[in-house]
Structure formats: structure tokens, C-alpha cells
Amino acid sequence: MLMIFDDFFDSVWKRKGKYSLFLVQMILIFLMVQYSFQLVTEYVAFNQKLNEIDSGKIPTYFAFQDQNSEEMPDCTLQEYKNFKREINQLCKNTAFSFGVSDIELKENNIPDAFTAFEDSGSHYYQVTYISENFLNYYQAATAQGKSFSKKDYERQSSQHIPVLLGSDYGKYVKVGELLDGKYKVIGILREGASYLDAQLNSNIVSLDRQIVIPMIYQAQEWGGCYVNHLTFSTHDSSAIKEIEIVIRKYGFQDYSIHSMKEQISILRADFWTELSFIVVLFLVLSMLCIFSMISMLLHLIEEQKKEFGIHMLCGASRSDICIKIVLPVGVILVLASIPSVIRCESVNQYLFQFAVILFITFTVTIVPLMYWLKKPISELKKER
């Protein structure tokens with residue numbers, strides 16, 4: 001066995017150029033396997049989230065986005081309240097809106113990874129301001145603490161601003177904790193809480209690393225409200241025309257209204273196109289690399305026929321020679337998998353990576369081994 005390992009190191013060193021190419025090809029394959037696996041996992045989760053959003057809801061679902069307001073913020077707090085009331089009267093209290101912004105937190109135990117951006121030493125964190133119905137519609141429940149009450153959405157507290165934190169914050173901030181003496185954490189959202197952006201061709205946005213605050217406090221922070229996203233549900237097509245009139249009445253000139261089903265169909269198609277392209281590219285490159293590696297091993301067997309024949313005359317068996325052929329492949333596969341294994345984030349990814357190593361080892365070596373085992377002994381003796 002020691003002789004086999006000695007021969008292994010000697011053989012690899014003599015053919016280091018070919019084995020180096022083999023290593024590079026395998027690193028490429030393993031990284032692409034991992035990326036494809038992650039993309040497929042994301043696609044499944046993405047579809048599940050879209051199904052949750054689309055199922056059990058009023059079929060006709062519309063949204064608008066005020067895309068280029070010249071005056072910022074869009075309206076005063078009172079105008080926002082009036083606008084919300086009029087829209088809800090037309091769509092039976094199904095409307096909600098949200099706005100994405102940021103806040104500065106000076107004293108906290110939150111890691112820098114949560115920082116949206118840093119300016120002059122100040123750390124700013126991403127915030128989503130929401131109105132009532134937002135959390136219920138997207139089934140964003142709390143894992144700890146409680147959610148916002150109707151009072152939280154309608155009246156500003158004179159003491160502290162109630163906030164919900166994304167699940168990732170739960171490791172560093174506790175329910176009831178006060179951030180900067182201003183923001184009181186009343187709950188931690190469940191992992192995976194997310195929403196669909198109201199802009200057509202947009203995507204699902206995760207709330208895991210966001211701070212969620214009632215929309216009414218946006219006016220307190222910014223001197224007014226940004227009504228750049230509105231979502232509502234209705235069966236009544238005439239109500240949509242009336243809603244358009246209300247939108248124009250409040251000065252939101254640049255907007256678009258579209259159905260949720262249309263948006264979901266576009267999102268699914270775009271994601272499927274990206275996934276299909278990556279998978280097809282991976283399969284083509286994998287086939288080329290595997291064919292190249294099989295050809296290289298067959299060439300190495302032919303190149304080492306004389307050496308193998310001498311080993312067999314000295315007492316080595318065919319199985320010993322098989323080990324000499326497979327051993328470099330196994331070692332290279334293990335080394336090549338290290339970059340992708342380091343990037344694994346779950347047990348399933350580790351198991352999948354291990355299965356891929358076994359599969360590629362079998363695929364790459366089976367043809368060269370069969371070729372070697374069928375080679376007549378008499379031909380090897382001639383190579384002496």
C-alpha cells in the first residue's frame with residue numbers, strides 16, 4: 001500500500017500539468033453545481049411565496065407606484081390619512097401602502113452587517129414603513145412579542161415609536177428593548193417574512209434584516225408621507241376607475257395600475273428563464289469537462305501501459321492498478337470540492353455536494369477502468 005502512495009505522488013508530479021487542468025475543471029463544476037442547487041432551492045421557495053400571496057385572495061388585485069414625485073415627501077400626514085380613507089371606501093378596506101427608507105441608530109449591539117450604509121461615522125439601517133393590512137396580507141406574523149395594534153397605525157405615541165424587527169435581529173435584540181431611547185421593540189417577525197414590491201417586474205423583498213414601523217411615524221421622521229406604493233383588492237372594475245380619479249386628485253400623476261396575477265406571471269417567467277439558462281449552461285459545461293477528463297484518463301492509461309505492465313510482472317494485481325488510476329481522481333475531486341463546500345450553508349447542501357462527488361467520481365472513472373480491465377495481459381507484457 002505504501003508503494004501505491006509513493007507511485008501516486010510520483011505519477012501526479014510527472015503529469016502535474018494535466019492533473020492541474022483536471023483540478024481547475026472540477027472546481028468550476030463544483031461551484032456551478034452549488035450555484036445551480038441554490039438557484040433551484042430559491043426558485044422553489046420563490047414559487048411557494050408567490051402561491052401564498054396569490055391563493056385565497058380576491059382574484060383581481062391592482063397596485064400603483066408614484067414613480068417621480070417632484071415634491072418630497074409626497075403629501076402631509078393629514079393628506080395621507082384622507083387619501084387612505086377615500087381609497088379604502090372604494091375597495092372595502094383592503095388597501096395598504098408602504099415606503100422604504102432608513103434610520104440612524106447610534107447605540108446598539110447590532111453587527112455592522114445589518115448596516116444599510118454608513119455616513120460620517122453614523123450607521124443607518126433599512127426601514128419599511130407600512131400601513132394597516134400589510135402584515136396580514138403577506139402573512140408576516142411575529143415569532144416573538146406582538147404585532148402592531150390598530151392604535152399603532154392611527155395615532156402617534158408621545159413616548160416611543162413601536163417597531164417590529166426582522167428575524168435576523170432576534171439574535172441581538174430582545175422584545176421590549178429600547179433602541180436609541182426612541183424605538184421600542186414590540187415583536188420579532190418570523191423567519192422568511194417578505195413582501196412583493198408593488199412595482200411591475202419587481203421582486204420579493206425579504207424583511208429578515210429590516211425594521212418595520214407604522215407609516216404614521218414616517219411623517220414624524222421626514223415631515224410628511226411618501227405614498228409611492230399602494231396596493232388594493234377589488235372585484236369591481238368600476239372602482240378601479242374611481243381609484244384612478246382619487247390618485248390624480250391628490251397629485252400622484254405618474255402611476256401605473258396592473259393586476260397581481262400579471263405581475264406574478266412575469267416574475268415566474270423571468271425567474272424560470274434565468275434558472276433554465278444556468279442549468280443548461282451547467283449541463284453543457286459539465287459534459288464537456290467530464291468528456292475531457294475521461295479522455296485524459298484514457299490517454300494516461302495508454303501512456304502508463306509499460307509502467308503498469310512492469311508493476312504486474314512484479315506481482316501487482318489489476319485491482320492495484322485500478323487504485324493507481326482512481327486515487328489521483330479521488331484526491332483531485334476532494335481538493336476541488338473545498339471551495340464549494342466552504343460556501344455550503346445547510347446540511348442539505350453538504351449532502352448534495354457529497355453525492356455530487358460520488359457521482360462524478362463514478363462517471364469519470366467507470367469508462368477508463370472498464371477500458372483497463374478489458375486490456376489483454378499479453379498486450380501489457382509486450383510493453384516491457
Side-chain angles (χ1 to χ4, degrees), residues 50 53-54 57-102 126-138 140 148 150 152-156 194-205 210 212-267 270:
L50 291 181
I53 292 172
D54 199 32
K57 305 288 193 315
I58 296 176
T60 309
Y61 182 90
F62 295 89
F64 92 87
Q65 181 187 34
D66 177 30
Q67 297 171 338
N68 61 350
S69 300
E70 294 181 0
E71 295 183 5
M72 303 295 279
D74 297 328
C75 60
T76 65
L77 177 58
Q78 189 58 49
E79 287 174 332
Y80 163 73
K81 289 181 177 180
N82 294 339
F83 174 74
K84 176 186 171 185
R85 185 182 65 254
E86 291 188 38
I87 293 294
N88 270 318
Q89 287 173 350
L90 295 171
C91 60
K92 299 180 180 179
N93 293 315
T94 62
F96 60 85
S97 55
F98 66 92
V100 178
S101 187
D102 52 78
Q126 190 163 28
V127 169
T128 300
Y129 291 99
I130 65 170
S131 65
E132 197 173 359
N133 296 330
F134 177 95
L135 295 176
N136 287 337
Y137 187 87
Y138 289 113
F148 298 129
K150 191 173 185 66
D152 292 328
Y153 289 111
E154 295 179 350
R155 291 201 299 272
Q156 292 180 349
S194 56
Y195 66 90
L196 186 62
D197 197 328
Q199 184 180 4
L200 192 62
N201 297 328
S202 58
N203 213 327
I204 289 177
V205 181
Q210 294 201 36
V212 181
I213 303 176
M215 180 74 77
I216 197 169
Y217 291 96
Q218 191 180 45
Q220 182 176 317
E221 293 289 315
W222 297 97
C225 292
Y226 296 86
V227 194
N228 58 343
H229 295 82
L230 178 72
T231 303
F232 59 91
S233 303
T234 180
H235 280 297
D236 187 359
S237 57
S238 63
I240 298 171
K241 295 180 180 179
E242 294 182 51
I243 288 172
E244 289 180 348
I245 294 173
V246 173
I247 291 171
R248 289 196 295 270
K249 170 185 170 182
Y250 281 87
F252 307 125
Q253 299 299 327
D254 186 12
Y255 68 92
S256 61
I257 294 180
H258 53 271
S259 94
M260 172 62 77
K261 288 189 179 295
E262 176 190 353
Q263 185 173 357
I264 286 177
S265 297
I266 291 173
L267 286 172
D270 288 347

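Because the structure is a prediction, the values reported are computed rather than measured.
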Judged by atom type as modelled, is there a donor-acceptor pair below 3.5 Å linking the side chain of [X] to the main-chain atoms of [Y]?
X	Y	value
Tyr129	Tyr217	no
Thr234	Cys91	no
Asp152	Pro214	no

When rounded to the nearest 0.5 angstrom, what distance separates [atom1] in [X] from [atom2] in [Y]?
X	Y	atom1	atom2	result
Lys84	Asn93	NZ	CG	9.0 Å
Ile243	Lys249	CD1	NZ	13.5 Å
Phe96	Asn88	CZ	CG	11.0 Å
Ile130	Gln218	CD1	CD	12.0 Å

Determine the minimum heavy-atom distance between [X] and [Y], stating which atoms define it.
X	Y	answer
Ile213	Phe148	CA-CZ, 4.1 Å
Ser238	Asp236	OG-OD1, 2.5 Å
Glu79	Tyr250	O-CE2, 3.7 Å
Ile216	Glu154	CD1-O, 3.0 Å
Ala239	Leu90	CB-O, 3.6 Å
Ser131	Ser97	OG-N, 2.7 Å

For this session: Please test Val127 against Asp102 for side chain to side chain contact (heavy atoms under 4.5 Å, CB included), starting from the C-alpha separation and ending with a verdict.
Result: CA-CA 5 Å; Val127 169; Asp102 52 78; 5.6 Å; no
For this session: Could you tell me whether the side chain of Thr94 reaches within less than 4.5 Å of the side chain of Tyr137, counting heavy atoms only?
Result: no
For this session: May I ask you to check whether Asn82 and Arg85 show a side-chain donor-acceptor distance below 3.5 Å?
Result: yes
Problem set entry | Candidate list Val205, Thr128, Val212, test side chain to side chain contact (heavy atoms under 4.5 Å, CB included), partner Phe98, passing option | Thr128
